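Structure record follows, encoded as structure tokens.
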Amino acid sequence: TLQAVSTRKGQTFHFGSTYDTYDANQSWFTSVFSTFYKHVVSENGCKWDATEPSQGTSSLTECLACQSFATTNGDTFRGHNTFWHSQTPSWLPGSFSASQVVNTIIPQHVQQEIQGMGASITSWDVVNEVVGDGVSNGMTPLQCVQNKKVWPTVTSDGSSTALVTDLSFIYAAFKTAFTYAGSSTRLAINEYNTGGQDAKTACIISLIQNIQNNTAIPFNRLAVGFQSHLTASTGGFYTKSALATTFSTLAALGVESMITELDISLNSNNQANLRYQAAIWGDYLDACLYAANCNEFINWDPRDDLSWRGTSAAATLFDGNGNPKLAAYEVAARLANYAAGN
Ligand code: G3I
């Protein structure tokens, strides 16, 4: 079915989930990533703490292992992430000046990770979660970022350090990524609680344009990752049409959209909620399938027992025993429906 979906799309549709080599149930992962998912992202293995444990020491073992898990199963692989204030190695924040961070620390890390991982990565989350939560419409890209914790030295969200006097830390990451990534690898900003016509999404759209203007990276190499950690309750998700509007705004720029970390937690695990969860899953998948510029769709943690949200959230496609839930059947049906030309 995914082959037929990709044929209709005119390019590979990357449908996947997360994996780390230390996850429990390795045989389950091998089977499900051979038959159901065909795209892999490492949940934790490609983050800064795992990939540069001491300054200048590249350690891509776990990230490469996840990539070879993908290759072994005939799957593609995306990189998450080369810059995030969370899960940073113990030598950060250190006492580096903003200019050392921008001119040395970030370029060195981004280069060694992207160069080390090779050119076949479909997309990289170059920067993760740099836009603030309390933003309002009309903010400049700098204002969008300034009230966000973007570096480990920031003691609490909402206060920025010397690092965020301008956006050069973002430009440094993107310019380095563009230099070393494969020629068809998309370079993304990856954010949560975005996707509709709201202030944070407006910030992201203006930020991606600002990044293009300040790095000269062509728009057709840029992307926005919509993490989509949702709740199956009123207001806990965007409608299909809201997503479609945002995707088309980005398409007009030539920027790719992707659903990068979808999970949909339930208040309680009853049949009605599972059906509601399945419907939201289907709408997010349809929004991506029917948008020419959305070709990566990822379920974050494929199993409820391994979900970062905890088992009670029942947020993913397979239950704690690895059995498909209603949402998994809905996803398969939507893929088949699209593949059939509907
Ligand atoms: O590997 C250590 C292990 O050695 C140790 O015994 C154990 C207990 O301390 O911790 C393990 O590390 C944990 C790691 O997951 C691997 O399991 C960290 O404590 C834990 O904080 C980490 O959580 C990850 C979280 O990001 C960190 O912020 C989640 O697995 C991961 O799903 C989650 O993913 C993020 C995305 O990267 C970005 N978007 C939001 C999403 C959810 O927070």
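Atoms within a ligand are numbered from 1 in the order they appear, just like the ligands themselves. If you're wondering where the values come from, they're calculated on a predicted model, not measured in any experiment. For the single chain, residues carry numbers from 1 onward in sequence order.
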Sequence neighbours excluded, the answer for side chain to side chain contact (heavy atoms under 4.5 Å, CB included) partners of Ala181 is Ile114, Thr185, Leu187, Arg221

* Does one side chain, of Asp263 or Thr316, offer a donor that lies under 3.5 Å from an acceptor on the other? -> no

Ordered by chain then number, the protein residues lying under 4.0 Å from ligand 1 by heavy atom are Tyr22, Glu43, Asn44, Lys47, His80, Trp84, Ser86, Gln87, Asn128, Glu129, Gln227, His229, Glu261, Trp300, Trp308

For Phe83 and Trp48, the nearest pair of non-hydrogen atoms, with its separation, is CD1-CZ3, 4.0 Å

Test side chain to side chain contact (heavy atoms under 4.5 Å, CB included), reference Phe226, set Phe247, Tyr284, Tyr238, output is Phe247

Would you say the ring centers of Phe36 and Phe15 fall short of 6.0 Å from each other?
yes

- prompt: With distance as the sole criterion, is a donor-acceptor pair present between the side chains of Arg78 and Thr122 under 3.5 Å?
  reply: no

